[in-house]
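Written out below as structure tokens is the structure these notes cover.
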Amino acid sequence: QNLSASEKQYRDAVNNLDNGLNTTVNSARSATESALRALEKAQQDYDDARADVDDGMNSQLVQAEEALDQAQLRLDFAEEDLENYETDSSTTYGGQTLRSIREAYEDAQTSRDSARKSLELAQAAVDSQLASYATALNEAQIAYDNALVSQQAAETSVRQGLEDQRAALN
């Protein structure tokens, strides 16, 4: 009586494993699949961000670069006005006094310097974001690797438990 109940329990456990109904193994497999999806998403997020930077499509950098280009252009024009004034013998150039031309030049320099600093800050922010994506990718890889190890351990444990049950039957 005891032996047949033990044998039935063993056969049921084997059938459950063969039919994918073992909760321990299923739970471990589910965790591995979830970790794999998280890894794939982290990889995609990193790849997308890296591609945007590599292709010159990162909006933060594009805007900061455009602002710097515009500021540099204003500075170039202001510098040209200043040089033209200094070579012109009249007291005004284009209706502007030397003082106003110098002020415009200094303002343009300040704007250019500010735009350059904004670009540096944007680059630092993008670098930081890429580093965050890389960290998330690394952590997802570790979680996936750990889930695989746990899944293998669960499968081994279940198989060993079945082997122990079978040995006890003999």
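Judged as a side chain to side chain contact (heavy atoms under 4.5 Å, CB included), and not counting sequence neighbours, the contacts of Ser100 are Gln96, Thr97.
Taking both residues in full, the closest heavy atoms of Ala13 and Gln165 are given as CB-OE1, 4.0 Å, listed atom of the first, atom of the second, then distance. Here the closest heavy-atom approach between residue Ala42 and residue Ala140 is recorded as CB-CB, 4.0 Å. Of all non-hydrogen atoms in Leu68 and Ala115, the two that sit nearest each other are CA-CB, 3.6 Å. When all heavy atoms of Asn22 and Thr24 are compared, the closest pair comes out as OD1-N, 3.0 Å.
Side-chain contact check for Leu61 versus Asp52: every heavy-atom pair is 4.5 Å or farther apart. Residues Arg112 and Arg74 have side chains not in contact (no heavy-atom distance under 4.5 Å, counting atoms from C-beta outward). Between Asn15 and Leu21, the closest side-chain pair of non-hydrogen atoms is not below 4.5 Å. By the 4.5 Å heavy-atom criterion applied to side chains, Asp81 and Tyr105 are not counted as neighbours. Within the 4.5 Å cutoff, no side-chain heavy atoms of Leu36 are placed close to those of Leu148. Two residues are said to be in side-chain contact when any heavy atoms from C-beta on lie closer than 4.5 Å; Leu137 and Gln141 fail this criterion. In this structure, the side chains of Arg159 and Thr156 come closer than 4.5 Å at one or more pairs of heavy atoms. Using a 4.5 Å cut-off on side-chain heavy atoms (C-beta onward), Leu75 and Gln72 make contact.
For the atom pair CZ of Arg116 and CG of Leu119, the computed distance is 9.5 Å after rounding to the nearest 0.5 Å. Here the straight-line distance linking atom OG of Ser111 with atom CG of Leu73 works out to 12.5 Å at 0.5 Å rounding. To the nearest 0.5 Å, the span separating OG on Ser34 from CG on Leu39 amounts to 11.0 Å. With rounding to the nearest 0.5 angstrom, the CD atom of Glu66 is 7.5 Å from the CD atom of Gln63.
Looking at Ser128, its side chain never comes within 3.5 Å of a backbone N or O of Ala124 through a donor-acceptor pair.
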Evaluate side chain to side chain contact (heavy atoms under 4.5 Å, CB included) for Asn16 paired with Thr23, printing each intermediate quantity in order. CA-CA 9 Å; Asn16 283 344; Thr23 56; over 6 Å; no
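Hydrophobic cluster membership differs between Val126 and Val62, with clusters built from Ile, Leu, Val, Met, Phe, Trp and Tyr side chains linked at under 4.5 angstrom. Grouping the Ile, Leu, Val, Met, Phe, Trp and Tyr side chains by contacts below 4.5 angstrom, directly or via other members, places Val25 apart from Tyr144. A single hydrophobic cluster is seen to contain both Leu169 and Val158, as judged by linkage of ILVMFWY side chains at heavy-atom distances under 4.5 Å, directly or through other members.
Arg166 has a carboxylate O that lies under 4.0 Å from a charged side-chain N of Glu163, or vice versa, which qualifies the two as a salt bridge. In this structure, Asp54 pairs ionically with Arg50, as a charged nitrogen and a carboxylate oxygen lie closer than 4.0 Å. Salt-bridge check for Glu7 with Arg11: passed, with a basic side-chain N closer than 4.0 Å to an acidic carboxylate O.
A donor-acceptor contact closer than 3.5 angstrom links the side chains of Gln151 and Glu155. Side chain to side chain, Gln109 and Asp113 fail the donor-acceptor criterion of an N or O pair below 3.5 Å.
Dense packing is recorded around CD of Glu120, with more than 12 heavy atoms of other residues, nucleotides or ligands lying under 6.0 Å away.
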